[in-house]
Protein chains: 2
Amino acid sequence: MNGKPDYIIPEPTLRRLPRYYNYLKALLNRGREVVSCTHIGKDLELDPPQIRKDLAYTGIRGVPKVGYQVAELIKNIEDFFGWNNIDEAFLVGVGNMGRALIDYKGFSRYGFKIIAAFDNDSEVIGKTFNDVEVLPLSKLTSLCQRMNVHIGVIATPDHAAQEVADMMIAGGIIGIWNFAPAEIRTPEGVIVQNENLAAGLSVLCKKLQMLKQSGKIRQEVRE
Amino acid sequence: MNGKPDYIIPEPTLRRLPRYYNYLKALLNRGREVVSCTHIGKDLELDPPQIRKDLAYTGIRGVPKVGYQVAELIKNIEDFFGWNNIDEAFLVGVGNMGRALIDYKGFSRYGFKIIAAFDNDSEVIGKTFNDVEVLPLSKLTSLCQRMNVHIGVIATPDHAAQEVADMMIAGGIIGIWNFAPAEIRTPEGVIVQNENLAAGLSVLCKKLQMLKQSGKIRQEVRE
DNA sequence: TTTTTATCGATAAATTTTTCTCGATTTCAA
DNA sequence: TTGAAATCGAGAAAAATTTATCGATAAAAA
C-alpha cells in the first residue's frame with residue numbers, strides 16, 4: 001500500500017529526513033515548486049529509490065513525470081516529526097557546549113526549546129543566556145515534575161553525567177540528549193540519544209588516513 | 001577477522017570505536033586491568049560478538065577466559081585512528097558553535113587541534129579564544145597552502161557553507177567537518193563529514209513520540 | 001490522438017551489518 | 001592432573017538496509 005508510518009521506522013531514514021528538510025527549505029527559498037527524487041538524488045548524492053522510500057514514510061504522494069510539491073513535502077516532514085508542537089527541554093551543564101546549545105537559535109525550527117538551564121557553579125547560576133535562566137542544579141528534579149518537562153539535555157563533563165541523568169529520571173524525564181562522553185545507565189522506558197562529536201571526527205580522520213594510504217577511495221559520508 | 005585492517009572498515013564500527021575508547025578510559029581510571037566482551041556488552045548494551053568484531057579491527061588479541069588488557073586496547077584504538085599524530089585544522093565561522101568547538105579541550109584526546117579560525121566579521125577578527133586567533137576570511141586559502149593544513153571545520157550559517165568549502169578546497173583541504181545545515185558540493189577526493197545536530201534531536205523526539213503513541217510499553221514494569 | 005519520456009510505487013535482489021553457533025584455548029578448582 | 005567454566009576467534013545465519021527492476025501513470029511532444 002502506501003507508505004504510512006509502520007511504527008517501525010528505520011533509524012537511517014530518521015536521520016536522513018532532516019537533511020531532506022534543510023535541502024527542501026533551501027529549494028523553496030529559491031522559488032522551486034516541484035522536485036523529483038532524481039533531482040534530489042543528484043544534489044544529495046543519494047539513490048532516488050531510497051529517497052522515495054524515505055519520503056513515503058511521511059505519507060507524501062508524488063506524481064509520475066513530475067515529482068513532489070516542495071511545500072507539501074516540507075509540511076509532511078514537519079508533521080511527521082511533530083515540529084509544530086513545541087517540545088520543551090531542560091539543559092544541564094552551562095559550559096561551552098551547553099552555552100552553544102542554549103544560544104543556538106536554529107532548534108525552534110525543529111519544535112525544540114530549552115526553557116531553563118541548570119548548573120552547580122555559582123559563577124553562572126542566576127545568569128541568563130538567550131533568555132534562558134541558569135538555576136541551581138538542586139532544583140532540577142522538582143522543577144521537572146512541576147513543569148512537566150520530559151526532555152533533558154546533558155552537557156556536563158563526563159563524570160557528572162550519570163548523576164544528572166538520575167536526577168532527571170527522578171523528575172520524570174523520559175528522553176535524554178546526551179552530549180557528555182560517558183555512558184548513561186537508565187531504566188527501561190527512558191530513551192537516550194548520545195551525541196558524540198568524537199565519533200564523527202574519528203570517522204572523518206580515519207577516512208582521510210585510509211585515503212592517504214591507499215591512494216584513492218570513493219567515500220560517501222552519511223547524515 | 002584476523003586483526004589486520006582490511007582497508008574497508010564498516011562505518012558503524014568506526015562510530016562505535018570512540019565509544020569503547022571513552023568507556024575503556026573510564027575503566028582504566030577505576031583501576032581495571034582486563035575486561036571481556038561480555039562485560040563491555042553489559043555496560044554498553046551491545047552484543048559481545050559485535051564488540052569482539054569491532055575490536056578485532058584494531059588488531060587486538062584477547063585471551064580466552066580472561067578478555068583483553070584494557071591498557072593495550074586503549075593503545076590499539078589510539079594507534080588505529082592515529083590519535084598520536086596531531087591533525088591540525090582550520091575552523092571557519094566564529095559564532096556560537098564555532099566558539100564551542102574552539103573552546104572544547106577534549107579534541108586533543110583525538111589527535112585533533114584547531115590552530116586558527118577565520119571569519120569576516122570585524123567584531124571577532126583579531127580576537128583570540130583558547131589560544132586560537134581569529135583571522136580574516138580572505139586569508140583562508142593562502143594560509144591553508146602555506147601551512148599545509150588539510151582539514152577544515154565549517155561552522156558558518158548555511159548560506160556561507162558552499163563558498164567557504166570552495167575556498168578551503170582551493171587551499172588544498174581534503175577533509176571537511178561540516179556543522180552548517182547545508183549541502184556542500186565537492187570534487188572527488190574530498191571527504192565531507194556532515195555533523196547534523198538536528199538529526200540526533202529528531203531521532204530522539206520521534207522515538208519519544210512513537211513511545212507515547214504506541215506505548216503503554218511500560219505497563220508490565222509497574223505493578 | 002498517439003507516442004515518447006520521466007518518474008512514481010512496489011517488489012525483488014544484493015549488500016551490509018548484526019547476531020548466532022561452535023570448536024579451541026586458557027584459567028581456576030577439585 | 002584432570003575437569004568445568006568462561007571467553008575468544010572464525011565462520012555461518014539472520015536481519016536490516018540499500019540498490020536495482022519493472023509495470024503503471026501522467027505530462028509533453030509528435
Any residue meeting side-chain hydrogen bond (donor to acceptor under 3.5 Å, both in side chains) with E78(A), in chain and number order, not counting sequence neighbours: Y21(A)
Length of the CD1-P vector between I40(B) and dA6(D), whole Å: 18 Å
Review item, nucleotides 16-22 of chain D N/O atoms under 3.5 Å of protein N/O:
{"unit_1": "dT18(D)", "atom_1": "OP1", "unit_2": "R16(A)", "atom_2": "NH1", "d": "2.8"}
{"unit_1": "dT18(D)", "atom_1": "OP2", "unit_2": "R16(A)", "atom_2": "NH2", "d": "3.0"}
{"unit_1": "dT18(D)", "atom_1": "O5'", "unit_2": "Q50(A)", "atom_2": "NE2", "d": "3.1"}
{"unit_1": "dT19(D)", "atom_1": "OP2", "unit_2": "D47(A)", "atom_2": "OD2", "d": "3.0"}
{"unit_1": "dT19(D)", "atom_1": "O5'", "unit_2": "D47(A)", "atom_2": "OD2", "d": "3.2"}
{"unit_1": "dT19(D)", "atom_1": "O4", "unit_2": "K53(A)", "atom_2": "NZ", "d": "3.1"}

Nearest-Å distance for atom pair CD1/P, residues I8(B) and dT16(C): 8 Å
Between dA24(D) (P) and R61(A) (CZ): distance, integer Å: 16 Å
Step-by-step salt bridge (charged side-chain N to carboxylate O under 4.0 Å, His left out) determination, E11(A) to K207(B): CA-CA 10 Å; E11(A) 184 156 331; K207(B) 283 182 179 171; 3.0 Å; yes
Nucleotide dG9(D), atom P - distance to CG of L55(B) in whole Å: 9 Å
Salt-bridge contact R61(A)-E72(A) (side-chain N to carboxylate O under 4.0 Å): no
Atom-to-atom span, CD1 of I51(B) to P of dG9(D) - whole angstrom: 13 Å
Pairs touching residues 166-197 of chain A that satisfy ring pair (Phe, Tyr, Trp, His ring centres under 6.0 Å), sequence neighbours left out: F107(A)-W177(A), F112(A)-W177(A), W177(A)-F179(A)
Pairs touching residues 149-175 of chain A that satisfy ring pair (Phe, Tyr, Trp, His ring centres under 6.0 Å), sequence neighbours left out: none
Protein-nucleotide distance (Y57(A), atom OH; dG9(C), atom P), rounded to Å: 14 Å
Salt-bridge contact D43(A)-R185(B) (side-chain N to carboxylate O under 4.0 Å): yes
Members of residues 63-74 of chain B that approach DNA chain D, where some heavy atom sits under 4.0 Å away: V63(B), P64(B), K65(B), V66(B), G67(B), Y68(B)
pair Q193(A)-I176(A): side-chain heavy atoms closer than 4.5 Å: no
Under the ring pair (Phe, Tyr, Trp, His ring centres under 6.0 Å) test, residues paired with Y110(B) that sit two or more places apart: W83(B)
